[in-house]
Structure formats: C-alpha cells, structure tokens
Amino acid sequence: MSQQQRPDNVSIDEIPVDIDNTQSAEVDPADIPDEIESITRGLAGEQPPTNPIVVLKAARWWYLQGKGGTDPAFQWAIEWARHLATDTPSDVERFDEFLEYLVTVGFADERHELR
C-alpha cells in the first residue's frame with residue numbers, strides 16, 4: 001500500500017473515509033470530497049453518470065458519511081445503479097427525496113437549482 005492509513009481515516013481508494021464521523025447524519029458540504037460532490041451533483045442533473053461503478057463509489061461514501069442505509073443520497077445512488085444494471089424504471093419518489101436532501105446538505109438553496 002503506497003499511503004499510510006491511520007486508524008481513524010481509512011480508504012479503499014483515493015477517497016478518505018473518516019471513521020470517527022461514519023453514519024453521523026451530519027454532513028458538512030466542505031467535507032465532501034470533490035469527486036463525490038461531482039458524482040452526486042451529476043446524479044441530480046440532466047445527464048447522470050452511466051457507469052454503475054462510479055455511482056456505487058458515491059453510494060459508499062454517502063452510506064458511510066451520511067445516515068447509513070437511510071441516507072437519501074445513498075438510496076438514490078443505489079436506485080440509479082439498479083436502474084443502470086437492469087434497465088428498469090427508477091423510483092421517482094426516491095429521486096424527489098434525494099433532491100430535497102441535497103438542499104438540506106447545502107448543495108443548493110432550492111431544488112430547481114440542482115437540475
């Protein structure tokens with residue numbers, strides 16, 4: 001392994017996971033890595049990512065740093081990855097919850113700014 005990992009900050013890729021803050025439900029927009037922010041914003045955009053591995057990378061981060069399995073960003077990323085893998089329609093209600101959550105996290109002042 002080329003980088004040193006401390007017990008409170010581990011990673012399986014370049015995106016660090018702060019163990020002390022896992023599933024704290026308190027996500028500060030300043031703490032969101034640029035790559036995760038970009039993927040998450042993409043999931044809210046007109047042309048969301050089409051690579052399920054990229055989407056799952058964001059899902060993993062939101063699961064660990066957000067509200068766990070109940071985190072709306074995690075749930076939408078998983079839903080979108082399912083849609084990509086199976087080519088079945090995605091859950092519009094889950095998408096609406098995701099957009100509202102992004103406003104509460106501070107990605108936008110209003111939902112319509114995300115698209």
Side-chain angles (χ1 to χ4, degrees):
M1 197 177 271
S2 63
Q3 64 180 345
Q4 290 281 10
Q5 292 187 357
R6 298 181 318 246
D8 63 340
N9 186 355
V10 291
S11 163
I12 59 171
D13 51 26
E14 304 82 38
I15 298 172
V17 174
D18 184 353
I19 299 298
D20 291 336
N21 289 324
T22 55
Q23 298 184 2
S24 67
E26 298 296 323
V27 176
D28 182 349
D31 294 337
I32 300 171
D34 292 340
E35 183 179 8
I36 298 303
E37 180 177 350
S38 176
I39 296 167
T40 304
R41 287 182 182 276
L43 287 168
E46 294 290 326
Q47 297 179 343
T50 57
N51 183 335
I53 301 300
V54 170
V55 174
L56 291 173
K57 187 181 228 182
R60 176 181 59 94
W61 190 90
W62 284 102
Y63 179 85
L64 293 171
Q65 302 301 137
K67 301 175 183 178
T70 63
D71 188 275
F74 165 76
Q75 290 181 343
W76 177 249
I78 293 298
E79 176 68 12
W80 185 249
R82 183 194 62 79
H83 163 74
L84 292 172
T86 62
D87 198 31
T88 56
S90 53
D91 185 344
V92 176
E93 287 180 30
R94 190 156 286 168
F95 182 68
D96 290 340
E97 291 171 17
F98 166 64
L99 292 179
E100 298 215 5
Y101 179 64
L102 293 184
V103 171
T104 64
V105 169
F107 274 30
D109 292 331
E110 294 182 34
R111 266 182 51 176
H112 73 275
E113 292 177 14
L114 294 164
R115 293 198 134 244

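FYI, the numbering just counts along the sequence from 1.
For Glu79 and Arg82, the salt-bridge test passes: some basic side-chain N is under 4.0 Å from an acidic carboxylate O.
Side-chain contact check for Ile78 versus Leu56: some heavy-atom pair is nearer than 4.5 Å.
In this structure, the separation between CD on Glu35 and OG1 on Thr40 is 10.0 Å, given to the nearest 0.5 Å. Note that CD of Glu100 and CG of Leu102 are 10.0 Å apart. Values are rounded to the nearest 0.5 Å. Note: Tyr63 OH to Thr70 OG1 = 9.0 Å, rounded to the nearest 0.5 Å. For the atom pair CG of Asp91 and NE2 of His83, the computed distance is 12.5 Å after rounding to the nearest 0.5 Å.
With sequence neighbours left out, the side-chain hydrogen bond (donor to acceptor under 3.5 Å, both in side chains) criterion links Trp76 to no other residue. Taking the side-chain hydrogen bond (donor to acceptor under 3.5 Å, both in side chains) definition, one finds that Gln75 meets it with nothing, sequence neighbours left out. For Thr86, the side-chain hydrogen bond (donor to acceptor under 3.5 Å, both in side chains) partners are Thr88, not counting sequence neighbours. Under the rule for a side chain to side chain contact (heavy atoms under 4.5 Å, CB included), Asp34 has no partner lying at least two apart in sequence or in another chain. In this view, Ile32 and Val27, Ile36, Glu37, Trp61, Trp62, Val105, Phe107 satisfy the side chain to side chain contact (heavy atoms under 4.5 Å, CB included) rule, not counting sequence neighbours.
Pro29 approaches Gly106 most closely through the heavy-atom pair CG-CA, 4.2 Å. Closest approach of Trp80 to Ser90, counting heavy atoms only: CZ3-OG, 4.3 Å.
Of the candidates Pro48, Pro49, Pro52, Leu84 forms a side chain to side chain contact (heavy atoms under 4.5 Å, CB included) with just one, namely Pro52.
Although no hydrogens or angles enter the test, the distance criterion places a donor-acceptor pair under 3.5 Å between the side chain of Thr104 and the main chain of Tyr101.
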